[in-house]
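Sequence lines set the chain letters: A, B, ... in the order given, protein chains first and strands last, and positions in each chain run from 1.
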Protein chains: 2
Amino acid sequence: MTDSKAKPATRAKRTVVARRVTEGPAPSRTTAPAAPGNGVTTAPQRQSRIPTMQDIARASGVSQSTVSRVLTGAPTVVPINPATRERVLEVARQMRYRPNPLARGLRGARTMLLGVIVREITDPFFAGAVDAISSEANRRGYNVVLGHAHGKTDEAIALRAVLETRHCDAILLLGDTSDQPRLLEDLRDTNINVVGLWQGSVPVPGISTVSVDNRAGVAGLLAHLTDLGHKRIAFVGGGFSEGRLLGDIGERRAAFLDLMADAGLPILDNYICEVENNLRGGAASFEALMNLPVPPTAILASTDLLAIGAIHAAGRMNMMVPRDVSIVGFDDLPMAEYTNPALTSVRQPMAEMAAVGVRAAIDIAGPGGAPVVQLLAPSVVVRESSGPPPDSAR
Amino acid sequence: MTDSKAKPATRAKRTVVARRVTEGPAPSRTTAPAAPGNGVTTAPQRQSRIPTMQDIARASGVSQSTVSRVLTGAPTVVPINPATRERVLEVARQMRYRPNPLARGLRGARTMLLGVIVREITDPFFAGAVDAISSEANRRGYNVVLGHAHGKTDEAIALRAVLETRHCDAILLLGDTSDQPRLLEDLRDTNINVVGLWQGSVPVPGISTVSVDNRAGVAGLLAHLTDLGHKRIAFVGGGFSEGRLLGDIGERRAAFLDLMADAGLPILDNYICEVENNLRGGAASFEALMNLPVPPTAILASTDLLAIGAIHAAGRMNMMVPRDVSIVGFDDLPMAEYTNPALTSVRQPMAEMAAVGVRAAIDIAGPGGAPVVQLLAPSVVVRESSGPPPDSAR
DNA sequence: ATGCTGCATGCAAACGATTGAAGCATAGCA
DNA sequence: TGCTATGCTTCAATCGTTTGCATGCAGCAT
């Protein structure tokens, strides 16, 4: 309808001059009608409604409740004649029966759905987390429903997402959501189980959480850097919300300040950068740090995303990593192994955290147990982006 | 489990607290019993069950159907006394009523849920796609349900995921799923609308698809490389399934072969690499190519993931990009701008594709219209990873 | 009074499944 | 033959909503 002015850019000419415009609104939108324009004869009505248990029952000459018992396989309660069972199963298979989860859920049965509310799916870290959680959930017969909190989107949307969550048997919250109090509150009203992952280790009232030991991770990185001889170390931490640093990152920052003091190392002016948690932020903060009168010899980025941005900025400024400056990250994204140079980072026990989180969400039926905070230990992975400070800085 | 023998680089000193439990009642992960050992008397029962319309009705002295009419705001059908309406609304608000989407859906109402089945959420490209789709869906009041096809996981799992899809008003398929015929077949039986994105432009029988014009993208890259003077160009294409190249990538490869022939450029032995579509595959194929007797002067990677892996391998082999070899990608991941050097790539009109796909899924109520294939035009983004071939190769 | 018109509301039947209890053969036992 | 035990199946209530239809009750014209 709207795209009637199709432009045959497809292979009309086979020269297809590439539009070299860096940012094209892409006006051409070739729409190829799939069906060759024969008449409109046949009505679309392609598929016959999904059969219900009632249909199966009629077709196999039993009652609908028998069908239910056969199909759900409830062997303990009442016995079913094997012949009947077989017949019903055959008919169901033939009619391509599929249960309606809505109806099933209405009666209170488990929906076998696990809700996952994630702040930013484009953050590769959380994408990996969703993957890990999804695997673990599948392994237990659950499917994952992804709710996208979408950064600082209007709370109303988050709220709506929550409304829908009554589909789910349990909910996993990925990343700090403490800036969305209404969401948390709503969640607490529900009588389904809620587990927070990567919420930071400050206990969120009323829900269990699984987090990584941020302090241990930062300590590992700092130990590594100081072992190499670094003294001037800067911190880059991003991810804001209403002026507050988000959970995990806030903790990493606090740990940094704390542990630097413990080690007797000074933190020079402007050595603490606060930027958005993305590649651009990492690059920007790197430039800012290197333009300081006394630049740091090492940068501890609170996420790999920031570290990768910083490494890119280093290349752009013709600085060699780690010869001129060391850069270390946190999260150990898959990408960390493939930067130039490969990134020293802190690996989170992703699979284990997913397993623990899913287990907490599923196994603890109902909101019975008291909320629990679990901290899992990370480990430092040393690669190429960290080395001794330049001689000039000794 | 798997990471038990993590490199113990962590931090040998200072209180090797592997697993520091922070919060009180639970010693570790021992699900604290809900009630301290008195009888089985009190159930955990923390929050009072979510109220139903029935409850609201009782509390405000009207019938349940009136409550329904008030809360759903159906003004056209039957009039409601403003006073009554106000009273009901107030009671509902006070009792924190929330509709049960299951029951609502059971009656046939739209669930306002959009199913998205994605092959690999860890592929940053698809993560971005999910993000774009999610935004677009939210804009239209829909929420996104993510089904994880999980690579080559057993079809049964995909199947199960589909079973659950009866929650959804429509389904989006991300990435080529033609290797899962059973899934497609199942989907076709359903009477909900299915739209495929990035399925390649071969029409999938029965469903509408939205794809990018792969040929145009490859043509743009090739034009760029030949303009620079490259003649020995290799192709790296990954993403297998049962020995077959997946849709988009297969098309890119075909376009490459075709357009190289058109340009009169020979394709030397082993210049076509087939590897898995990930960073490792990109790095491996780069090494293989560079070890050929006559290595290429440029590499056209079918995805940015592969290109990034290749760039990493170049650094590891002490080769300079683009001085020694040019590398170009396809997809224009966010990361492409932040590699060293920044990657020349093909940008897909992500937002537009998401919009078109969501519109096709939602607006076209029911499977009425004939399936449509839409091709959107990409554009080349030139950055730093492509340059003229080395003099020695001229 | 008797209809008639309209507004405001209630009744009750869906929707598709689960599940306790009841029905009904048939077999076993006295 | 009568009575119970047993094995299989059906009945019917239920979950929380939506929605077509009936109903009650005004006011108003006959």
Any donor-acceptor pair under 3.5 Å linking the side chain of A:N193 with the backbone of A:A361? yes
Do the side-chain N or O atoms of A:S63 get closer than 4.0 angstrom to the phosphate oxygens (OP1, OP2) of D:dT9? no
With respect to the side chain of B:T84, which nucleotide from C:dA21, D:dG16, C:dT9 is positioned closest? C:dT9
Between atom CG in A:L71 and atom P in C:dA17, what is the gap in whole Å? 9 Å
By side-chain hydrogen bond (donor to acceptor under 3.5 Å, both in side chains), which residues pair with B:T122, not counting sequence neighbours? B:E120
Rounded to whole angstroms, how far apart are CD1 on B:I56 and C1' on D:dG16? 12 Å
Side chains of B:L114 and B:R140, heavy atoms from C-beta outward: is any pair under 4.5 Å? no
Which nucleotide in the set C:dA8, C:dT19, D:dT9 lies at the smallest distance from any side-chain heavy atom of B:N81? C:dA8
Under the side-chain contact (heavy atoms from CB on, under 4.5 Å) test, residues paired with A:Q94 that sit two or more places apart: A:E90
Taking 4.0 Å as the cut-off, does a side-chain nitrogen or oxygen of B:T66 come that near to OP1 or OP2 on C:dT9? no
Would you classify B:Q64 as touching base, sugar-phosphate or nothing, given that sugar-phosphate means primed atoms plus P, OP1 and OP2, and contacts are heavy atoms under 4.0 Å? base
Rounded to the Å, how far apart are A:R98 CZ and C:dG16 C1'? 16 Å
Reckon A:Y97 has a side-chain N or O less than 4.0 Å from the OP1 or OP2 of C:dA17? yes
Pairwise side-chain contact, B:R87 with B:V62, heavy-atom cut-off 4.5 Å (strictly under): yes
Can you say whether a donor on the side chain of A:R69 sits under 3.5 Å from an acceptor on the base of D:dT10, or the other way round? yes
Could you check which of D:dG16, D:dT18, C:dC11 has an atom nearest any side-chain atom of B:T52? D:dG16
Once you round to the nearest 0.5 Å, how far does CG of A:L71 lie from OG1 of A:T66? 10.5 Å
Figure out the CG/P separation between A:L106 and D:dC15, and round it to whole Å. 9 Å
Nucleotide nearest A:R107 (side chain, heavy atoms from C-beta), chosen from D:dT17, C:dC11, C:dA17: C:dA17
Let me know the distance between CG of A:D55 and P of C:dG16, rounded to the nearest Å. 9 Å
Assuming nearest nucleotide by heavy-atom distance, tell me which of A:S65 and B:A103 is located more 5' along DNA chain C. B:A103
When every non-hydrogen atom of B:M95 is compared with those of B:P51, the smallest separation belongs to O-CG, 3.2 Å
Counting side-chain heavy atoms from C-beta on, which of C:dA17, D:dC21, D:dT9 comes nearest to A:R104? C:dA17
Compute the angle between the rotation axes at the two ends of the helix from C:dA1-D:dT30 to C:dA30-D:dT1, each taken over five pairs, rounded to 10 degrees. 80°
Whole-Å distance, B:I80 CD1 to C:dT9 P, equals 6 Å
Which atom pair, heavy atoms only, marks the closest approach of B:V194 to B:I207? O-CB, 3.7 Å
Side-chain contact check for A:M53: nearest option of C:dC15, C:dT18, C:dT9 is C:dT18
